[in-house]
Amino acid sequence: MAGNFDIRAWLRKPERLLVVSGPCSVESERQLLETAEGLSKIKNVNVLRGGIWKPRTRPDVFEGVGEVGLEWMREAKERFGFLTMTEVATPEHVELALKHGIDILWVGARTVVNPFSVQELAASLKGNDIPVFVKNPIAPDVRLWLGAIERLESAGLRHLGAIHRGFSSYDETPYRNAPLWEIPIELNRLRPDIPILTDISHICGCRELLHDTAQKALDLATNGFMIESHCNPDAALTDGRQQVTPDDLNALVSQFVVRLKNTDSDEWKLNVFRKEIDRLDDEILNLISKRMEVSEKIGAYKKEHGVTVLQMDRWKQVLDDHINKGVRLGLSAEAVKDIFEAIHKESISRQL
Ligand code: PEP
Ligand code: MN
């Protein structure tokens, strides 16, 4: 339910889950008002988002309705009591958004990668107290994300938040933008005073993944969500596959299991550590699997050249080197020996 929400107080103390929702792009007055009306019935949705200027990958496609949409945002705010939020990428966007009474700004992932653009935005915001959320840059670089936050702070902005929207990746993943949870966790470690919303829409890229991804974010103790919604997602001019109707959003939010209330709790820290362990184990498994692929290639080569599979001298040397290195890294000699004997055993059996 919208109305009387104090975003500045929330940014200082993000005790309850905040949900920002609204269309990827503001397309028409009717589309925005119909979506906003649906959203006004959902508990937790206090902020209406709407893209006015859209950063598109290719030219000659819909790039947002521009300034006129800001007036429709104002209308939605007056009718339903939402705070309104839009993306700004240039000083001109900032000027227009402020002129039309937008309450909260966000800086998009494509802008955050460019320190010159962020610096220009910061300069245009100087002397203003508007809350600004900084999305992660599309590149997985926590320093760049933090740098953008710091540039805004240097311009005197004091009400800042972050939005985790996933990262571009060359590898195949089920996501549109790989979540790489360790990066928002690291931002949280470096700046526990900056609340983080999770933009599950841009992470997932499709409706099917939203539920599980939201729950994962909740288990990692996110401070809230940005979720794109549209009165008729399939007809949306941008990001149709990832937008949900307000009714579907209501169902999604009602399924959230909020396990933890407070980011200082020990349980929260335990979850962070466990996720980190899971991620590292995953990396270990991937590496072992890659190592076995190389073993098979070596096996084939040895067969072709009439060389025996087990080369005892080489194996002894390798094991000694690994044990020495492991001990230097603080591991016990026995543990390193056990691990590499197991790996070697599997490797030999792949070569036979
Ligand atoms: C958006 O929120 O519609 C958007 C363009 O986001 P991002 O900068 O995360 O791609
Ligand atoms: Mn979008």
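When a ligand or atom number is given, it counts from 1 through the structure's own listing order.
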Under a 3.5 Å threshold, yes or no: a donor from one side chain and an acceptor from the other, between Thr35 and Ser229?
no

Return the name of the atom in Asp239, of element N, O or S, nearest to the Mn ion (ligand 2).
OD2

Taking the six-membered ring for Trp, are His305 and Tyr301 parallel (under 30°), tilted (30 to 60°) or perpendicular (over 60°)?
parallel

Where do Glu296 and Arg350 land on the salt bridge (Lys or Arg N to Asp or Glu O under 4.0 Å) test, with the steps shown first?
CA-CA 6 Å; Glu296 280 176 11; Arg350 294 283 187 112; 2.7 Å; yes

Quick check on contacts: which atoms of ligand 1 are under 4.0 angstrom from a heavy atom of His202?
1 (C), 2 (O), 3 (O), 4 (C), 6 (O)

Which ligand 1 atoms, with their elements, are less than 4.0 angstrom from a heavy-atom of Gly108?
8 (O)

Going by atom types alone, do Asp239 and His202 pair a side-chain donor with an acceptor below 3.5 Å?
yes

Selection from Arg165, Glu87, Lys54 by shortest heavy-atom distance to atom 3 (O) of ligand 1:
Lys54

With salt bridge (Lys or Arg N to Asp or Glu O under 4.0 Å) as the test, would you mind laying out the steps for Lys99 and Glu95 before giving the verdict?
CA-CA 6 Å; Lys99 177 174 136 198; Glu95 191 192 322; over 6 Å; no

What do you reckon, does Arg49 have a nitrogen or oxygen under 3.5 Å from a nitrogen or oxygen of ligand 1?
yes

Quick one: nearest non-hydrogen protein atom to atom 8 (O) of ligand 1, plus distance?
Ala109 N, 2.8 Å

Among all protein non-hydrogen atoms, which one is nearest to atom 6 (O) of ligand 1, and what is the separation to 0.1 Å?
Lys135 NZ, 2.9 Å

